[in-house]
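Okay, structure first, notes after.
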Amino acid sequence: MIDINKLLNLLRYDPNDPVLFNSAFFFYFFAVFLMCYLAVHKSKAGRVWVYTLFSLFFFYKACGYYVGLVILSAIVDFNLSKAIHRSKDKSFRKTLLIFSIVLNLGLLFYFKYTNFFIGMINDMTAGHIPLLKLILPIGISFYTFENLSYTIDVYRDEIEPVDNFMDYLFFLSFFPKLMMGPIVRAADFIPQISKPYFIESNDIGKGMYLIISGLFKKIVISDFIYQNFVQYIFDDPSKHTGLECLLGVYGYALVIYCDFSGYSDMALGIARWTGFKIPPNFDSPYQSSSITEFWRRWHISLSSWLRDYLYIPLGGNRKGKVRQYINLGLTMLIGGFWHGASWNFIFWGGMHGSMLAIDKVRIDYLRKKQIKFSGWSGNLLKVLGVLFTFHFVCFCWIFFKASTFHDAWSLIHQIAYDFQPEIWPELYTGYTAVFWVMILGFILHFMPAKAELSLEGFYAKIPVAGSVAVMVAFIWLLVQVKSTQPMIPIYFQF
Amino acid sequence: MPGKNKAAYPFLIIAGSLACLVALSQLNYSFSFKDFQFRKLDMLSDIRTSPVEDKNRPALAGNTGDGRPAAATDSVVKVKDSTGAVTTLPNPDAHHDYMSYTGIMQYAAAQYGEDGAGMHAFLQALADLKAGKRKKVRIAYFGDSMIEGDLITGDLRDSLQLFFGGQGVGFVPITSVVASFRTTITHTFSKDWTDYSYKKDPPANIALGLSGHTFVPSSSSWAKYSPVKKPRLDKFDEVEVLYGPSAGTGITVNDKAYTLAGNDAVNKLDLRLDTGQQGMTIKYASGTQSPLYGVCFESDNGIYVDNYSFRGISGVELGHLSADMVKKMQEERPYDLVVLHYGANVLWKPELTDYSWYERPMTKVMDNLRNDFPGTSFLIIGTADKSYRKGDHYVTAPGVEALLSVQHELAAQHGTAYWNLYAAMGGEGSMVKWVESDTPGANKDYTHFNRLGASKVAALLYKAIMNEYGQKNNIQ
C-alpha cells in the first residue's frame with residue numbers, strides 16, 4: 001500500500017536523508033523534472049523557470065531553508081556586478097568588488113570556519129568560548145566560488161553582466177552541479193542558457209556513459225570499498241597491521257577519486273542530457289607522472305579557479321622565482337583550508353604546495369639545460385614518475401582522511417614499524433571481494449581513453465528501448481551491490 | 001550539419017526505466033545463486049506502508065520468555081561450605097532477569113562448594129587486602145581484541161589500584177601485535193622471537209603460557225619495557241620474568257647477567273629494579289634458547305590486573321592450555337579472580353541463533369579451568385552488543401541474545417559470577433547509539449569499543465564489582 005503521509009514527507013527536507021543522485025527519490029525527481037522541462041522546452045523563459053524551480057526544490061531537499069542563501073547571494077551579486085559594470089569610477093568599482101568578496105567569503109567563513117577559530121582561540125588562551133551550533137550549508141563552497149569568479153570577471157571587463165536576474169539565479173542554482181561541483185564559470189555557462197534545447201545522439205551517448213559510469217564509480221567501487229574495508233582501517237589505525245593500513249590507504253585513494261569524480265560525472269551527464277556542456281572535472285589523475293600534472297587532472301575546476309583567482313592575482317610567476325614558490329605554496333595552503341577547517345587539511349595543502357614548488361624547480365632545471373628523455377629511458381622515467389606521484393598523493397591522503405594528526409601518524413607508524421606481511425593470506429580470505437573490486441578500480445582507472453569513447457559510441461547508437469534495457473539492467477545490478485546505508489559523498493562536507 | 005533533435009530521449013529513457021523498475025518491484029520474486037541471495041528490487045520502499053517489524057529474536061529453548069531459565073524458579077541452591085555442612089545460597093535467577101540485569105549475578109553450583117561460588121573468594125580477598133590482612137590480589141582478565149592494548153583492563157586496573165593500592169601494569173608478553181597501541185607501558189622488541197601460540201602450535205616439548213603465547217629467542221633477541229608518565233605506571237619496582245623449562249639460559253637484564261634455570265612448566269626470575277633506571281631491557285645472551293612467557297610489573301602490595309588478550313579467539317582456545325602449566329602458574333603468581341570476556345568472534349554470523357556448537361567445547365574449557373584454578377573466583381562477561389546492517393539501518397544482531405543465554409548458562413552451571421555487558425551498555429540497539437553518538441564510544445564495525453568506549457565499559461564493570469564488594473562488606 002502507498003502511504004500518502006510518507007509520500008508527502010518525501011517532499012520535505014529531512015536532515016538525516018539529504019537527496020543524492022544515487023537515491024530512488026532522485027530517479028522520480030529527475031523523471032518529473034524532465035517531463036516538465038520537455039513540456040516548456042521551446043520557450044527560453046519556460047526552460048529557465050522550470051530548471052530554476054526544480055533546482056531550488058532539489059537544494060531545499062538537500063539542506064532545508066539554507067536554500068535562501070543561494071537566492072540571497074544571487075540577488076546581491078547580480079546587482080553588485082551590474083553596478084560595477086555601469087560605474088566608470090575606478091575606486092568605486094573596486095569598493096563594490098571588495099564588498100562582494102567580503103560578503104561572499106564572510107558567509108563562507110562564518111559557516112565553515114567560525115568554530116575552527118573559536119577552538120584555536122580557546123587552545124591558545126585556555127579559554128572556554130562555546131562553539132556555535134552551525135550546520136554547513138551544502139554546496140556553499142561551490143556557489144561562493146562561482147559568485148566570486150562572476151563578479152571578478154565583470155570587474156575585469158572580461159564578461160558582460162547578465163541582464164536577466166532569473167538567468168543568474170538559474171546559473172547559480174543549476175542543480176546538477178549545485179552540491180558537489182564542479183565549479184562552473186558564468187562565462188562558460190550563461191551563453192548556453194539562450195541556446196535552444198537541442199541534443200544529438202552523441203549527447204545522449206555521452207550523457208548515458210557519464211551517468212552510468214558515475215554511478216558505478218560511486219556505488220560499486222567507492223562505497224563498497226569504503227564500507228567494507230577502508231573505514232575500519234581509518235577508524236582505528238593503530239589496531240591494524242602495517243599491511244592492512246597500506247592497503248587501506250590505497251583503498252582510500254580509489255574511494256575518494258571514485259566518490260568525487262563519480263558524482264562529478266553524474267552532474268556532467270545530467271547537464272549534458274538537458275543541453276548543457278560542463279567541462280570535465282577529472283582526467284584519470286593517478287596516471288600523472290608528476291605532481292604538476294596531477295593538479296592538472298584532479299578537481300580541474302577548483303585548481304583552475306585557484307590559479308585564475310588566487311595564484312595569478314598574487315603575482316603568479318611574474319614576480320621572480322622566490323615569489324612564485326611562495327605563491328604556489330600559499331595557493332595550495334588556502335586550497336587545503338578550503339577543504340575544511342582543520343589542521344589536517346592545511347597540512348595536506350602545505351605538502352602539495354611544497355611538492356609543486358619542488359617540481360617547478362625540476363621542470364625549470366630540465367628546460368634550462370634542455371634535457372629531454374625519450375625512448376626507453378623516457379618510458380622508464382614516466383613509469384617511475386607515476387609510481388612516485390601516486391605514492392606521494394596517497395601519503396598526503398592519509399592526512400586528508402585521518403580524523404586527527406595523531407591517527408595519521410599512528411597509521412604511518414604501523415606501515416613503517418609493524419608491517420607484518422605474513423598476515424596476507426588471512427587478510428585476503430577476510431576481504432576477498434574488496435581486494436578484487438580494488439584491482440578492478442585501478443584497472444579501469446588506467447584504461448586508455450579510447451575505451452571510454454567506444455562505450456559512448458555504443459550508447460549513442462542504441463535506440464531508446466535499448467537504453468532503457470541497459471539502464472534497468474544496470475540499476476538492478478546496483479541494487480545487488482549497493483550498501484543499504486546511504487553514503488554521503490565525501491565532497492559534501494567541503 | 002546537426003542531426004535530429006533528440007531532446008525527448010532523456011525523458012523517454014528515464015521514464016521508461018522507471019516504469020520497468022516499478023513493474024519489476026511489483027513482482028514478488030527472489031532467487032539465489034550458490035551462496036548469494038539476490039536482493040529484491042523495491043522502487044516504492046520509501047512510500048510504502050511499512051510492514052510490522054519482525055523482531056527476529058531467537059527462541060531461547062527452555063526459558064520462561066522473560067529471560068529466566070525455566071528451572072530457575074528455585075530461589076536457593078544447596079551447596080557444601082568449607083566444613084562440609086550443606087548450606088543454601090540464593091539463586092540470582094529467582095531475583096533478576098539475566099538478560100536485562102546490569103549488576104553482577106553470583107551463581108553457586110553444588111560441585112564447587114560455597115567458597116567457590118560466584119565471586120565470594122575474590123570479594124573476601126579484596127576485603128582482606130583493604131584490611132591489610134594480605135598484600136596482593138590478582139586478576140587474570142582473558143579476552144579477545146576487545147581488550148587489546150590494555151583497553152578496558154587498563155582503566156579497570158587504574159580504578160581498582162586507586163581504591164585498593166598497587167602500582168604497575170602486571171603481566172606483559174615478550175612481544176605483542178598491539179604493543180604500539182598500548183598506552184600503559186612502552187614496549188618494543190626485536191623481530192626475531194619465535195612466537196608460538198594458539199594459531200601456531202609449539203613443538204611437543206614446549207607448552208603455551210597462560211597468555212596463549214610462548215616466545216623462543218634467537219641469538220640476538222631482545223625486548224624493552226619502559227614506564228609511562230601516568231599515575232601508578234611511572235616507575236618499575238618488582239619485576240618477574242616468567243619462563244618455561246630451562247636448562248641454563250643466559251640472559252641479561254639491563255646488561256646484568258642472569259641464568260634461567262628451572263624445570264617446571266612455569267618458572268620465575270624475581271628482580272627488583274633500581275627506580276633510577278628508565279626502563280628494562282631483557283636480552284638473550286647464551287645457552288639453550290628456552291621459552292619465555294613474559295614480564296610482570298608490580299610493587300609490593302595492592303591489586304593487579306593482567307591483560308591476557310588474544311586477537312580473534314572465542315574462548316574455546318583456552319582448552320589448549322596445559323593443566324600443569326596453569327597449576328604451576330597459580331603457585332608462582334596466584335590469581336584470585338579469572339575474568340573471561342569473549343563473544344565478538346563467536347558472533348561472526350550475526351543471524352545465527354544456535355550456539356550449541358560453542359556451548360559444548362566451552363563447557364569443557366570451563367570444567368578444566370575450574371579444576372586448574374581451585375579456590376579462584378570466576379567472572380563470565382556476557383558479550384557486548386554487536387550490530388549489523390539489516391535493511392536500511394544497523395540493528396542488534398539476533399545472535400547477541402542467543403549467545404548471552406549460552407554464556408549465562410555456562411556461568412550458572414559452573415557456579416561463577418556473570419555480568420551482562422550488553423545490558424550494561426543499554427541493551428538492544430545500544431551499540432548503534434555508542435557508534436553514532438557525537439562522541440563515539442565504538443568503531444564503525446559496530447563491534448569494537450574505541451578508547452573512550454573502553455573506559456566507559458571499565459567504569460561500568462568497576463561500579464558493578466564495587467557494588468558487590470560493598471554489599472559483602474555490609475553483610476559482614
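Protein chains get the first letters and strands the later ones, always in sequence-line order, with residue 1 at the start of each.
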Note, H448(B) side chain near D236(A) side chain (heavy atom, < 4.5 Å): no
Any side-chain heavy-atom pair of L21(B) and W476(A) under 4.5 Å: no
Shortest non-hydrogen contact from V468(A) toward C20(B): CG1-SG, 3.9 Å
Under 4.5 Å from a heavy atom of chain A, the part of R451(B) involved: neither
Flag, side chain of Y197(A) to backbone of A7(B), donor-acceptor distance under 3.5 Å: yes
S145(B) and K239(A) side chains, donor-acceptor separation under 3.5 Å: no
Backbone of Y232(A) reached by a side-chain donor or acceptor of D445(B) within 3.5 Å: no
Chain B contact via I199(A) - side chain, backbone, both or neither, heavy atoms under 4.5 Å: both
Minimum side-chain heavy-atom gap S17(B)-F474(A) below 4.5 Å: no
Distance, nearest 0.5 Å, that separates CD1 of I211(A) from CD1 of I13(B): 8.5 Å
Engaged part of Y417(A) at the chain B interface, taking heavy atoms whose separation is under 4.5 Å: backbone
Non-hydrogen side-chain atoms of I14(B) and W273(A) separated by less than 4.5 Å: yes
Of I204(A), N202(A), V464(A), D203(A), the residue whose pairing with K6(B) passes side chain to side chain contact (heavy atoms under 4.5 Å, CB included): I204(A)
Side chain proximity check, K444(B) to Q227(A), heavy atoms < 4.5 angstrom: no
